[in-house]
Amino acid sequence: MSEMRKAYDPDVVEGPIFESWMNGRYFEQPVVEGVEPFAVVIPPPNVTGSLHMGHALNNTIQDVVVRRMRMTGRPTRWVLGTDHAGIATQNKVEQKLAREGRTRHDVGREEFIERCWEWRREHGSTIVGQLKAMGCSCDYSDEWFTMDPSYQGAVRKVFVDWYEAGLIYRGKRIINWCPRCSTALSDIEVEHEDLDGRLWHLRYPLKEHAGGIEHIVVATTRPETMLGDTCIAVHPDDERYRDVVGATVVLPLLGREIPVVADEHVDPTFGSGAVKVTPAHDPNDFEIGERHGCPKINILNADATISAKGGPYAGLDRYEARVRVVADLEAADLLVKTDDHLHSVGHCYRCHTVIEPWLSDQWFVDMKPLAEPAIAAARDGRVVFHPKRWENVYYHWMENIRDWCISRQLWWGHRIPVFYCDACGTQRASMDDLTVCPDCTDPVRQDEDVLDTWFSSQLWPFATLGWPKRTPELEYFYPTGVLSTARDILFLWVARMIMSGMSCVDGEIPFRDVIIHPTVFNAEGKRMSKSLGTGIDPLDLMTHYGADGMRFGLMLQTTGNQDIRFAEEKLASSRNFANKIWNASRFVLLNLGEDYEPGEPHAATVADAWILSRLASLAATVDEGLLSYRFGDVARALHDFLWNEFCDWYIELAKPRLSTGIAEDADATARAARTTVQRNLVFVLDTALRLLHPMMPFVTEEIWRRLPLSGMARADSLMIAAWPDRAAIARFADPDAERSIEVLREIVTAIRGIRARYTVAPRTRVDVIVKAVGTDASLIEDLFGQIAALAGVGDLRIDAAATKPAHAAAAVAGGVEVFVQLEGLVDFDVERERVSKQLGEARADLEKIERKLCNEGFLAKAVPEIVEKDRAKAAELRETVTALRAQLAELA
RNA sequence: GGGCGAUUAACUCAGCGGGAGAGUGCCUCCCUUACAAGGAGGAAGUCGGGGGUUCAAAUCCCUCAUCGCCCACCA
């Protein structure tokens, strides 16, 4: 094993460590009969994607959960794979073709799909390599892709099953059409954005006056859609329009005659109370049209130009047509007015083009029957959301669920397995590719469309375990344990996995715990976006801070909050933390030497008892914290223990025994003391490294392999070493020792404070008198040597009746007085100012607490422990005030 | 229109019913044989405003303000 460098260098360490994990095949997990397993499926990144901050966070979370579980001995598999990402991949390949001056239609469907596979072969492993760089412990030997042949079989099976069960149907509906992607989208793939628009008020003349009315005013935000109007609707109870219901309106510009109908949907208080109805381009208007038997005129082509139905406007782009229609209406004096109007406009979630509601034939899934059991699964606690509040978001969506448009007019994806026979007019879904009609033997044609990518990714937790085959993996690892993801795909993916999982796998949920992690925003609080240049590349972060530094920095920021405003300084401090641990470990290892005999930890001194007690507390905090997914709390606890307790105090407290025990003239007692402290250092470090490993896998592994462990404690890798048993470590809990070290820390800090105030050189010893009585005195007496060592004290004396020597600076710490002899150094003005300030503060505190103790309500109603605690506090403050008064008097 | 989250030190955030904390930054001193990516000491906050509940409120309730997110058939 190589020499430990002075500074931890992730570049040198991470590669070989990861390779050793791969070689050890620790990531792989076969079926082990009779032992309860634990599985996690990775949210499959898009095959087009590269690692972004959301991935970095989410995969750190999963790796932490998975690594902890693996160390507990549960057979653990983290299933890996990528998503074929229909629209995203198709866009990439189309862009590539465009650079060759061609479109997908030039190359044809077959070659285009081959191009997509080629693209996947070239770029598809990018993100997997990046996961490895992060140290993610996925099973890389079992990588899935949502277009794998077996996965295609699973998708097809679900489609056919649901089709035959009547859950999938085809219909002519208003769907969301993206003119740029040239495909339908589901409702939740549309992102609504409030935009400043306009509300145009148009005057539609009646063919013949009715009830004294010559024309009806209607309002619209999309004037060009008037080309497709097929009726005017008013509310049935609206007195103003009572006489025109049933009358005929002459549609401006086109001259089409359309009726006025009465419909409950119209809000009589909005605008004029009359609505133009365009059944082919608005979902509400579609409903009205259905109810009144009005024609549905589609005035838009797939690319959002005006269709032949648009008369003189045919061929114009939708926005150009808008301008022309408005201008023509104004010229005809049919434009009443134009208001500014803030309204919500739908955009494609892939390319942000404004979508058009468009009437077309599409495939849908009837969701209500699927949603019911999935709602019940959350209600009865089989599926639990973390944080819990997301459960309500889930219920709200699931209980108002609408049918899912699953057909996409793309080429890259799972082709809809429905075959049409034009000869006998039948259609059927089939597991096998059909060429001829089973009924009439005429040739059949397959549906041209592919399925929504989410239709295939919803099968991820069971299709990656071999479903529809009843594989041993499926029987063993399903349901999985944890699903961690971002909140923006709660509906798109998580809810649908629960529904499809329960539908396909015997009603069994796909996972028990759902972690909805925070969204990572940049330092300005804006969404990280590659295209906007507001993103941060996790790979850059890893080169600066190491994989461990990035991971731990993210964990520190993963609190209950729903957003993270990314703070890079947390990564810097995490890198420093790795270095701190590295050096502390180097210190421990350098102090083991030839003479080290491994053995059990032992609380031989107060310091030993204290650090073992703190370790017991840490083990409990980390274990409970990870089980309840409170990553921020766990990271903080590890950081505070290792840095502020182990490094700052225990190692310092250990130094005298280490050096004394190895001196030439060391006796048997001194040598034994050295051995004890060595064993304690190794034990505490070993345990802490195990607890830290899930969050900082590389540095912990590198150090741990160097520790001289034996027997049960040893393993080939920390990855597969035993997770600390917090119940077993709990035996070290020692509140008395914790209090003692607290007093020691206060006294040492007080002496150091005085030294700093008078800039006493580090090597200079100072003489100190401690004024203490009773238990304090004997406690301090026990810690004499250690206080002296830590505070640079020469002569340390304890005296119950001491008064402050003339040339001393004084401090009050933890109820005892400390006098530091500083011949000729003390500045009495400085001391006076300081002591009187402290006295003021102490008196204010005392006054406050005494008022409280005089309050009868407090004495009667507060819990006894609190009253007792405050009484003790008051007593201590009284002593402090007395001491400070005396000091001030002496300074006068 | 409905729902959710946030508002604590200059910055990023913990704390969520009993004496205001961390990291970063800032000030002073120190290359003391684990660590200068460090050590020691220090300054810094009427816990968004206003009500209320309670012996006790940063913490619970109401309300207002500001910022952010989600859902909704806002012509």
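Computed from a predicted model, the values in this text were never measured in an experiment.
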Return the nearest nucleotide to the side chain of [X]; candidates are [options].
X	options	answer
A/His265	B/G5, B/U24, B/A75	B/A75
A/Gln562	B/G23, B/A37, B/C69	B/C69
A/Arg565	B/U12, B/A75, B/C71	B/U12
A/Lys837	B/G41, B/A43, B/A34	B/A43
A/Ser344	B/C13, B/C74, B/A75	B/C74
A/Thr559	B/A75, B/C71, B/A14	B/A14
A/Lys570	B/U12, B/C13, B/G38	B/U12
A/Asp648	B/G5, B/C74, B/G39	B/G39
A/Lys580	B/G39, B/G23, B/A75	B/G39
A/Pro762	B/G15, B/G5, B/U32	B/U32

Quickly work out the [X] [atom1] to [N] [atom2] distance and round it to whole Å.
X	N	atom1	atom2	result
A/Trp649	B/C35	CH2	P	19 Å
A/Ile751	B/C29	CD1	P	23 Å
A/Asp845	B/A20	CG	C1'	12 Å
A/Glu391	B/C4	CD	P	14 Å
A/Glu193	B/C71	CD	C1'	16 Å
A/Asn522	B/C67	CG	P	18 Å

Assign [X] to base, sugar-phosphate, or nothing according to its heavy-atom contacts below 4.0 angstrom with the strands shown.
X	value
A/Trp200	nothing
A/Arg636	sugar-phosphate
A/Lys655	base
A/His396	sugar-phosphate
A/Val863	base
A/Ser585	nothing
A/Asn561	sugar-phosphate
A/Arg527	nothing

Identified pairing partner of [N], criterion: Watson-Crick or G-U wobble below 3.5 Å:
N	value
B/C47	none
B/U24	B/A10
B/C16	none
B/C67	B/G5
B/G38	B/C30

A/Phe577 and A/Trp643 aromatic ring geometry - parallel, tilted or perpendicular at 30°/60° bounds:
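Ring orientation, 0 to 90° scale: parallel.
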
If we take the [atom1] atom in both [N] and [M], what is their distance in whole Å?
N	M	atom1	answer
B/G21	B/C47	C1'	11 Å
B/G25	B/G17	P	33 Å
B/A58	B/G18	C1'	13 Å
B/C16	B/C60	C1'	9 Å
B/A44	B/A57	C1'	24 Å
B/A9	B/A14	C1'	13 Å
B/A6	B/C61	P	12 Å
B/G48	B/G68	C1'	16 Å

Does the Lys NZ or Arg CZ of A/Arg752 fall within the cation-pi geometry relative to A/Trp649 - under 6.0 Å from the ring centre and within 45° of the axis?
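Cation-pi check for A/Arg752 and A/Trp649: passes.
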
Of all residues at least two apart in sequence or in a different chain, which pass the ring pair (Phe, Tyr, Trp, His ring centres under 6.0 Å) check with A/Tyr349?
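Checked A/Tyr349 against ring pair (Phe, Tyr, Trp, His ring centres under 6.0 Å); zero matches.
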
Please check if the number of heavy atoms outside A/Arg389 that lie under 6.0 Å from its CZ is greater than 12.
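Count over threshold, so yes.
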
Can you work out whether A/Asn583 or A/Asn855 has the more 5'-proximal nearest nucleotide on RNA chain B?
A/Asn583

Taking the nucleotide of RNA chain B with the nearest heavy atom to each, does A/Ala219 or A/Ile188 sit closer to the 5' end?
A/Ile188

Does the distance from a Lys or Arg side-chain N to an Asp or Glu carboxylate O, for [X] and [Y], drop under 4.0 Å?
X	Y	result
A/Arg843	A/Glu847	no
A/Lys848	A/Asp870	no
A/Arg198	A/Asp339	no
A/Asp282	A/Arg222	yes

Side-chain touch A/Tyr394/A/Phe385, heavy atoms, less than 4.5 angstrom
yes

Verify the contact: side-chain N or O of A/Trp390 to OP1 or OP2 of B/C71, cut-off strictly under 4.0 Å; return yes or no.
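Result: no.
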
Answer yes or no: does a side-chain N or O of A/Asn576 lie under 4.0 Å from OP1 or OP2 of B/G38?
yes

Could you check whether the side chain of A/Lys6 and the base of B/C35 have a donor-acceptor pair of N or O atoms closer than 3.5 Å, going by distance alone?
no

